[in-house]
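Written below as structure tokens is the structure these notes are about.
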Amino acid sequence: MRQHHFSRIMLWVGLLFIYLPMVIMVIYSFNASKLVTVWGGWSIKWYVGLLDNTQLISAVLRSLEIAFYTAIAAVALGTLAAFVLTRIPRFRGRTLFGGMVTAPLVMPEVITGLSLLLLFVAMAQLIGWPAERGMLTIWIAHTTFCSAYVAIVVSARLRELDLSIEEAAMDLGARPWKVFFLITIPMIAPSLAAGGMMSFALSLDDLVLASFVAGPGSTTLPMEVFSAVRLGVKPEINAVASLILLSVSLFTFVSWYSMARAEKRRKAEIAQMQQMQSVLDAH
């Protein structure tokens, strides 16, 4: 009983440690004072002032655009890599391929960023592409980094799938590609959504990789915030961070609700397919 009570206390302490700074940041985003540490009453002028801060708004939109495209590309590449690692047990170079897929997970971001910078510089000298570093190079770097996380998440899901469902679909005449898109993809949809959201968050939060591969005019939100914080935290930063926190929370809730409904529908479809298979086996 004491151990259970101690676990609950530590749980609440951990939650407070994580979320209390966010609550304080949201509260101080309504601070009327220009000094972040001095409370000057409630005001929304910093939210209104964001409309005039074109540099910060441009950085936010740029970061959201890069994160969106990174999530799509990372889910596609990570899913393909996970499918190869889980469904093709033996092929030449499998160990090397698996190591290359998971390398960004253990590689320091400084090393990854420097390597990508040298790669882009060498490619620009050899073939003339990329002509300049910007959003495209940041997107490539973030996709390379986030694909490893998606591959791990999707691989775990693929290993748990019941292959008899896919085999039943092929016994009924479905082509392998049709089984993949109509059977496998819906069953791993929660892991795809989780990998996509993780990639979006990692891309939106990344500072190190973007600092290496970004060029003039491609400053992301973390880079903008980092450069501004060195001169002192501005109230506008609290305001934009609060808006992003609200957007991410709403998106997470909608995604969770959608995945819960999809999972319920998927279980019903699986039960129906298993019932059909049992009828076919009986005949």
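- Leu245 and Trp46 end up in different hydrophobic clusters when Ile, Leu, Val, Met, Phe, Trp and Tyr side chains are linked at under 4.5 Å.
- Note on ring orientation: taking the six-membered ring where Trp is involved, the planes of Phe83 and Phe180 are perpendicular (angle over 60°, cut-offs 30° and 60°).
- Closest heavy-atom contact between Ile57 and Leu50: CG1-O, 3.2 Å.
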* Check the pair Tyr47 / Ser242 against side chain to side chain contact (heavy atoms under 4.5 Å, CB included), numbers first and verdict last. => CA-CA 10 Å; Tyr47 288 91; Ser242 299; 3.3 Å; yes
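- Here the closest non-hydrogen pair linking Gly134 and Thr137 is O-OG1, 2.8 Å.
- Each of Ile18 and Val13 belongs to its own hydrophobic cluster when Ile, Leu, Val, Met, Phe, Trp and Tyr are linked at side-chain heavy-atom distances under 4.5 angstrom.
- Residues Met22 and Leu16 are members of separate hydrophobic clusters, defined by side-chain heavy-atom contacts under 4.5 angstrom among Ile, Leu, Val, Met, Phe, Trp and Tyr.
- Atom CE of Met135 is separated from atom CD of Glu65 by 3.5 Å, given to the nearest 0.5 angstrom.
- For Leu105, the side-chain contact (heavy atoms from CB on, under 4.5 Å) partners are Thr102, Ala148, Tyr149, Ile152, not counting sequence neighbours.
- The cluster map of Ile, Leu, Val, Met, Phe, Trp and Tyr, joined by side-chain heavy atoms under 4.5 Å apart, puts Val213 and Val110 in the same cluster.
- To the nearest 0.5 Å, the span separating SG on Cys146 from CH2 on Trp139 amounts to 12.0 Å.
- Leu202 CG to Met197 CE: the interatomic distance, rounded to the nearest 0.5 Å, is 12.0 Å.
- Applying the salt bridge (Lys or Arg N to Asp or Glu O under 4.0 Å) test to pairs two or more places apart or on separate chains, those with a residue in residues 147-161 are Arg157-Glu160.
- A heavy-atom distance below 4.5 Å is not found between the side chains of Thr79 and Leu158.
- The side chain to side chain donor-acceptor pair (under 3.5 Å) check on Ser249 picks up nothing, with sequence neighbours excluded.
- To the nearest 0.5 angstrom, Ile24 atom CD1 is 12.0 Å from Ser29 atom OG.
- In this structure, the side chains of Asn238 and Val26 stay at 4.5 Å or more apart for every pair of heavy atoms.
- Closest heavy-atom contact between Ala151 and Ala81: CB-CB, 4.4 Å.
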* Glu109 and Phe145: CA distance, side-chain angles, deciding distance, side chain to side chain contact (heavy atoms under 4.5 Å, CB included) verdict -> CA-CA 9 Å; Glu109 288 191 49; Phe145 176 69; 4.1 Å; yes
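- Distance check: Leu61 CG to Leu56 CG gives 9.5 Å after rounding to the nearest 0.5 Å.
- Taking a 4.5 Å side-chain heavy-atom cut-off between Ile, Leu, Val, Met, Phe, Trp and Tyr, the cluster of Met100 extends to Leu96.
- Hydrophobic cluster membership for Val84: Leu85, Ile88, Phe91, Phe97, Val101 (Ile, Leu, Val, Met, Phe, Trp, Tyr linked by side-chain heavy atoms under 4.5 Å, directly or transitively).
- To the nearest 0.5 Å, the span separating OG1 on Thr184 from CD on Glu166 amounts to 3.5 Å.
- The side-chain heavy atoms of Glu236 and Val240, taken from C-beta on, include no pair separated by under 4.5 Å.
- The minimum heavy-atom distance between Ala73 and Thr143, with the atom names listed, is CB-CG2, 3.6 Å.
- A 6.0 Å sphere centred on CZ of Arg94 holds more than 12 heavy atoms belonging to other residues, nucleotides or ligands.
- Judged by distance alone, with hydrogens and angles left aside, the side-chain atoms of Thr70 form no donor-acceptor pair with the main-chain N or O of Ser203 at under 3.5 Å.
- Closest non-hydrogen pair, Ser218 versus Ile138, comes out as O-CD1, 3.6 Å.
- Counting only residues at least two apart or in different chains, salt bridge (Lys or Arg N to Asp or Glu O under 4.0 Å) contacts with residues 205-225 are absent.
- Less than 6.0 angstrom separates the ring centroid of Tyr28 from the ring centroid of Trp39.
- The minimum heavy-atom distance between Ala32 and Gly40, with the atom names listed, is CB-O, 3.4 Å.
- Contact annotation: the side chain of Met198 never approaches that of Val150 to less than 4.5 Å [non-hydrogen atoms, C-beta and beyond].
- Between Met170 and Lys178 there is no side-chain heavy-atom pair separated by less than 4.5 Å.
- The cluster map of Ile, Leu, Val, Met, Phe, Trp and Tyr, joined by side-chain heavy atoms under 4.5 Å apart, puts Ile66 and Leu207 in different clusters.
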* To do: Start with the C-alpha distance between Phe200 and Leu64, add both sets of side-chain angles, then the distance that settles side chain to side chain contact (heavy atoms under 4.5 Å, CB included), and finish with yes or no.
  => CA-CA 8 Å; Phe200 186 90; Leu64 291 175; 3.9 Å; yes
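- Within a 6.0 Å sphere centred on CD1 of Ile44, other residues, nucleotides and ligands contribute 12 heavy atoms or fewer.
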* To do: Might you work through the side chain to side chain contact (heavy atoms under 4.5 Å, CB included) test for Ser211 and Met223, ending with a clear yes or no?
  => CA-CA 7 Å; Ser211 299; Met223 296 171 62; 4.1 Å; yes
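- Under a cut-off of 6.0 angstrom, the local environment of NZ in Lys267 is sparse, with at most 12 non-hydrogen atoms contributed by other residues, nucleotides or ligands.
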